[in-house]
Amino acid sequence: MQPQNQLRKNHALGLIFGLFALVTAGQVSANGAIGDHVNDLKAHLGQYSEEVNWLVGKYDGVVNTYETKGKKGTDTQQLIDFWEEVDFHSAIETNYVPVYANIWQGIYGVKQAIEAGKPVAEVRAEQDKLNSAFWQALGAVKLAAQFQEKGLLAKVQTTEAEPTTMPATLDDIKHRLDRVVAKYAEKLPEAATSIVHDTYLHRFEGVEGALIEQDAALVEDLEKDFNVTLPQALDGKTSVDEVRKVVESMQVKLDKAKSLLVEAEKNRKDVF
Amino acid sequence: MQRRDFLHNLAAVGAISCLPMSIQRSLAAQAGAVSVDQLPKLEGDITLYLGRGEGGLYENVLEAIRKRNPKLNLQIRRGATAALANSIVAEAKAGVRRADVFWAVDSGAIGLVSDAGLARPLPADLTNQLKPGFQYPEWAPVTGRVRTLPYNTDRLTAEQIPDSVMALADSDFSIGWAPAYASFQSFVTAMRLLEGEKATADWLRGVNERATNYAGELGVVMAVERGEVDLGFANHYYTLRLKSGKPDAKVDLAFTKNDAGCLVNASGILALSEGDLPINFIRYLLTREVQSYLASEAYEIPLVDGVKPPQGLPSLSTISPPKVDLTQLADLRPTLNLMRRVGVL
């Protein structure tokens, strides 16, 4: 079993990376501009906690309505609207994209279960998953607030920064792949596919030349993932979990690529 | 002495005169690679707009320049080359100038900026270091890349491949290409300029009948190596790098002659502000050390005399690239329209 502090450390690194990568990608939320509050998370923790409680209550209300009035009496669009209404939305979107994807997956889990007229117990099971994602997200934002306060996180929205080394580029690619899952979970498969193409052309292309000198088979694998496996998975029919599996498998390969390139860089000759 | 030669020499003398006497003598004596040891230290503030390059290797060069010149305050803005070129032009129209130098991976982007009248003339002693055919008055090519035909060595021999790229449209070979890839589009632009719209459209249609599309040109080279296609169109360095990582790779390079199929394109740099600092900064990129580094580490072709080409590539003097003003490759819109019209994009 992995020691608790190691887990915490990994989680924290993920958070730091998550925010850093957002800055480098110059990302703007699909649901509008990201507010300045994301650069002062600590001051807004109370607001975020209130919003999470409000969301949990609102979603419970929708499921209660379904329980009493059935499918026709339930407005499932509210499930999307509630989430888009809160500042917490961009706080988690800028901090920890994997959980952000889980939230969208959870929202659509509830929405689709209701629209399919599933038994209430099944809808409640989806609601539980969604609630877990909210609480996990709140935890992630609290941790990010601590790092932000210590000056360990770069400011969001400074944009225009690009990864300047190959290892940083590979980290950026991993983060962009997290966004692919998030967009797919948000039911935006075309946006997800655009991120894949953009990431391939503007990021992976820049490192694969150096990587192929280290491991040609690994490049071949990733080429196929970028150009065939992942785009095919983003067809709107594949489940979010399946897409996540493809992405996670790519991220493992990208980690291997990173360690190969870090090692190769040690042996690189000096310019002068 | 002809008047033009006289003026040329006069300009060179004038430009050299801003350097210390020992360096003047050294540069005047040699056309070709200069050692970094012969250059003055860089001091002061300079902002570079850097178009996305080959991984982190351009960054390594810049970091080395920084370390060597502790009194240099080098600010870098990075981005896609075309976007930065557009920014420079837009900033100029707005009456501001943020960049002092612009290093672009694509000479087309250089053309966009120089056509807008924003590039400062370079001294002749600097441009004279570059190989013939790569000497431009307002920008300096830094390194080159040549269009090649990577072919599968199990399926073809070099002798079977025509030395005319236009002949490939009538061949029976299965072909891999990446039409959405920027370097491929520059190659089609060169063909359009050299052969005309109709011949290029016919060529695209002909090849398209037997072509398999790939997203990028490394993908093309790997497909050739796997034997999915007989040959492909790609910049030279993908094949060299693949062979470096996989020495028994079943792929080799063929070159056409004197047509767009062996176009040598270049990354390039230009100065946007006046003074010695931007010019001397450019000199650093043309030094023997930087040129050798980019040749050995990024497999790019050095464009100053006296520096060896990357391993596995014939000398530039044995390749017969077409005569094309590289800055003309900036005119991509007609190329994209043409490619869309014939259905390859």
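As the structure is a prediction and not an experimental result, all values here were calculated from the model. Naming: A, B, ... by sequence-line order, numbering from 1 per chain.
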Quick one: are [X] and [Y] in side-chain contact, heavy atoms under 4.5 Å?
{"X": "B/R241", "Y": "A/L211", "value": "no"}
{"X": "A/F272", "Y": "B/D37", "value": "no"}
{"X": "B/E59", "Y": "A/T165", "value": "no"}

Comparing A/H202, A/H197, A/E265, A/K224 against chain B, the one with the most heavy-atom pairs below 4.5 Å turns out to be A/H202
Contacting moiety of [X], where chain B heavy atoms sit under 4.5 Å:
{"X": "A/L201", "result": "side chain"}
{"X": "A/D270", "result": "backbone"}
{"X": "A/E220", "result": "both"}

What's the spacing between [X] [atom1] and [Y] [atom2] if we round to 0.5 Å?
{"X": "A/I212", "Y": "B/L240", "atom1": "CD1", "atom2": "CG", "answer": "11.5 Å"}
{"X": "B/L242", "Y": "A/E213", "atom1": "CG", "atom2": "CD", "answer": "10.0 Å"}
{"X": "B/N213", "Y": "A/N227", "atom1": "CG", "atom2": "CG", "answer": "11.0 Å"}

Chain A contact via [X] - side chain, backbone, both or neither, heavy atoms under 4.5 Å:
{"X": "B/L62", "value": "neither"}
{"X": "B/E63", "value": "neither"}
{"X": "B/S296", "value": "side chain"}
{"X": "B/Y299", "value": "side chain"}

Are there over 12 heavy-atom neighbours, none belonging to [X], within less than 6.0 Å of that residue's [atom1]?
{"X": "A/K237", "atom1": "NZ", "result": "no"}
{"X": "B/K41", "atom1": "NZ", "result": "yes"}
{"X": "B/Q311", "atom1": "CD", "result": "no"}

Nearest heavy-atom approach of A/M166 to B/L57 is CE-CG, 4.3 Å
Check against side-chain hydrogen bond (donor to acceptor under 3.5 Å, both in side chains), A/E205 and B/Y181:
CA-CA 11 Å; A/E205 262 276 320; B/Y181 196 66; 2.8 Å; yes
Test B/E297 against A/R268 for salt bridge (Lys or Arg N to Asp or Glu O under 4.0 Å), laying out the working first. CA-CA 8 Å; B/E297 304 302 304; A/R268 197 175 291 289; 2.6 Å; yes
Looking only at the side chains, is there a donor atom on one of A/E223 and B/Y214 sitting less than 3.5 Å from an acceptor on the other? no
